[in-house]
Amino acid sequence: MSYLTKRLFRAILVLLGVSFATFMVAQSTGDPIALLVKANATEEARAALTSHLGLDQPVLVQYGLFLWRAIHGDLGQSFLYNQSVVGLVADRLSNTFLLALSAFAIALVLSVTLGVLAALYRNTWVDAAITAFTMVGLAVPAFWLGLMLILVFAVIWQVVPVSGSEEASSLILPAITLSMQSTARLCRLVRSGMIEVLNADFIRTARAKGLFEGRVVWVHALRNALLPVVTMAGLELGDLISSAVVIEAIFAWPGIGRLAIGAVSSRDFPLLQGTVLVSAFCFVVINLFVDWLYQRIDPRVRSA
Amino acid sequence: MTGFSNRFLIGHAVGIAGVAIIVAAVAIAVFAPLIAPVPASQIDLHARLVPPAFVEGGSAKHFFGTDNLGRDILARLIYGSRISLAVGTAAALLGAVIGSLMGILAGYFGGRVDAAISWFVDVQLAFPFTLLAIFLLGTLGGGFYAVVIVLALATWVNYARVVRAQVLTVKVQDYVLAARAVGVGTPRTLWRYIFANSTAPIIVVASFSTAQAILTQAALSFLGVGIDPSIPSWGAMLNDGREYLQKAWWIATFPGLAIALTVLGVNLFGDWLRDRLDPRSAR
């Protein structure tokens, strides 16, 4: 089996696990019939609905049914919005992805710049300042940073909107807030990767050939120092999507996080389940893509 | 002084600073009733939204000011440390137990056991964690223990990966082979030889997991999920302060600083520990 076939097979297994876990948790929320029918419904009406929804079947058969519907894009109806769950989630998910990807782009640019600088000026005040910045970045809660940015830029200086998603500029604060932790984590990774690579033989060779130092650092060294960053990229994106859920609440950003919080407070379980399931599905697909990207960049993976 | 020894000394100072922050935070949490100027939930409607003492209009009675119900921010910060530290350490410990066991089994037995456990890891990682936590706490119910269990779900994976890698190198050591050869049983080998020699990475992961759990717990409280919002916690205080950001910035500002300082302390300690226990990572 080729590397990618193996990965694809594994992704399907993971999705089965994800759907089963989500299904079992949703099962435990109690009798869905009680939520669906009126309190004065007859015994017959209840029984009819029960068999219509397949709730009189064994749990595994019910899971099969659930999976069959899910594959066909049917995750049920939201009680709250009275719309199909898949449609609702897909709609909001694009907003969450826009936010997460913007934050990822900011984190990449900042972390590579700072990480390389810290490695080049290792053990100087530049390195110390960047290291201190990353330690603070890792410790500050993102949602608090968001509130402080709102306080400074939207309330005191009034240069960007406080919240919402109507204007393009409303993406700026949430994206910066969300990128903070990733920037700090990736920066540490780039720094230690660069330090290792800069001591490697091929860098000495490149310098000996008389290449410009800029080219040695930014092309030869950085390319190799970025490999661990690519490995982490999938996990990092997952983390960003997860943290975006909290950031959305602060900036009133209409993504899946706000959808999920609303679903909890109104006990809209099909919607909640759908939100979790669809985001997990997307995460698995992203990681497949990262795997593919990784083997394009690093030929060693293909033979492994 | 050379760069090396310079950095080495700074490393120690930073580690000690981390320990100092942790010790101070634990002392504050334990002795909260003795330190707090007033009870955390004491409402004083005559002293609503009083600014901090060091700001114009503030009073020495409320050093960090008061919130919208006239509750003393300093007292709430002091009591709030209890939830953060209790949940953080309990979740990291529970995660350590589950994750280390999984890591040892996966690393030692390999093959199908390894495949099954790494499947569990992949399934766990596929969920955006905050969403999973909202889902679990929203459907199965909240409370202190529920939050600890859910946060342990977030951390066990870290342990499992690190421990598995460690076990792979430990299990082929001569002392393990010798133990097997003289007839030491499998459970005893796992505990006495494999686990005992995997503790260093477990301790390092534990420190970072505690930091992660403190941050996530605060985020969940901020969203109003999990811990009862009437119990003073830093996350819930931030949530309270959100609506008053324009009128009373201090309500949301100080709990955030408290979280950041605590997490910084734990992370500094973790970094120092890792450099001490694993010299390869010290750069």
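Throughout, protein chains are lettered first and strands after them, A, B, ... in sequence-line order, and every chain is numbered starting at 1. These numbers come from a predicted model, not from an experiment.
- For the atom pair OG1 (A/Thr275) and CZ (B/Phe135), the distance works out to 9.0 Å, reported to the nearest 0.5 Å.
- Residue contact with chain A, scored on non-hydrogen atoms closer than 4.5 Å, is absent for B/Leu137.
- A distance-only check finds a donor-acceptor pair linking the side chain of B/Thr130 to the backbone of A/Ser242 [under 3.5 Å].
- Residue A/Leu151 holds its CG atom at 8.5 Å from CD of B/Gln246, rounded to the nearest 0.5 Å.
- For A/Arg188, the part lying under 4.5 angstrom from a heavy atom of chain B is the side chain only.
- Considering only heavy atoms from C-beta on, B/Asp271 comes within 4.5 Å of A/Met135 through its side chain.
- Of the atoms belonging to A/Leu15, not a single heavy atom falls under 4.5 Å from chain B.
- Nearest heavy atom pair, residue B/Leu264 against residue A/Val136, reads CD1-N, 4.3 Å.
- Across all their heavy atoms, B/Pro128 and A/Ser279 have their closest contact at CG-CB, 3.6 Å.
- If you measure heavy-atom distances from B/Ala218 to chain A, the contacts under 4.5 Å come from both the backbone and the side chain.
- A/Val14 touches chain B through backbone and side chain together, each having a heavy atom under 4.5 Å away.
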Residues A/Leu138, B/Val263; criterion side chain to side chain contact (heavy atoms under 4.5 Å, CB included); working and verdict: CA-CA 8 Å; A/Leu138 285 176; B/Val263 172; over 6 Å; no

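- Here B/Ile259 contributes atom CD1 and A/Phe143 contributes atom CZ; the two are 4.5 Å apart, rounded to the nearest 0.5 Å.
- A/Thr22 touches chain B through backbone and side chain together, each having a heavy atom under 4.5 Å away.
- Heavy atoms closer than 4.5 Å to chain A are found in both the backbone and the side chain of B/Phe129.
- The shortest distance between side-chain heavy atoms of A/Trp144 and B/Thr253 falls below 4.5 Å.
- The two residues B/Ser118 and A/Arg10 come nearest to each other via the heavy atoms OG-NH2, 3.0 Å.
- Enclosure of atom CZ in B/Phe120 is not indicated, since only 12 or fewer non-hydrogen atoms of other residues, nucleotides or ligands lie within 6.0 angstrom.
- With a threshold of 4.5 angstrom between heavy atoms, B/Leu261 does not approach chain A through any atom at all.
- Atom CZ of B/Phe127 and atom CZ of A/Phe281 lie 14.0 Å apart (nearest 0.5 Å).
- Residues A/Phe283 and B/Ala126 approach most closely at CD2-CA, 3.3 Å, considering heavy atoms.
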Side chain to side chain contact (heavy atoms under 4.5 Å, CB included) assessment of A/Phe20 paired with B/Val123: CA-CA 10 Å; A/Phe20 188 68; B/Val123 169; over 6 Å; no

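- When the candidates B/Gly256, B/Gly265, B/Gly138, B/Pro255 are compared by the number of heavy-atom contacts under 4.5 Å with chain A, B/Gly256 comes out ahead.
- Side-chain contact between B/Leu140 and A/Val25 is present, with at least one heavy-atom pair separated by less than 4.5 Å.
- The residue among A/Leu277, A/Val140, A/Leu272 with the most heavy atom pairs within less than 4.5 Å of chain B is A/Leu272.
- Heavy atoms only, all atoms of each residue included: A/Ala260 and B/Ile134 are closest at O-CG2, 4.4 Å.
- Between chain A and the residues B/Leu136, B/Leu132, B/Leu223, B/Ile214, the most heavy-atom pairs under 4.5 angstrom are made by B/Leu223.
- The closest side-chain heavy-atom distance from A/Gln181 to B/Leu215 is below 4.5 Å.
- Interface remark: A/Met148 contributes side-chain atoms only to the contact with chain B (heavy atom separation under 4.5 Å).
- For A/Val284, the part sitting under 4.5 Å from any heavy atom of chain B is the side chain, from C-beta outward, and nothing else.
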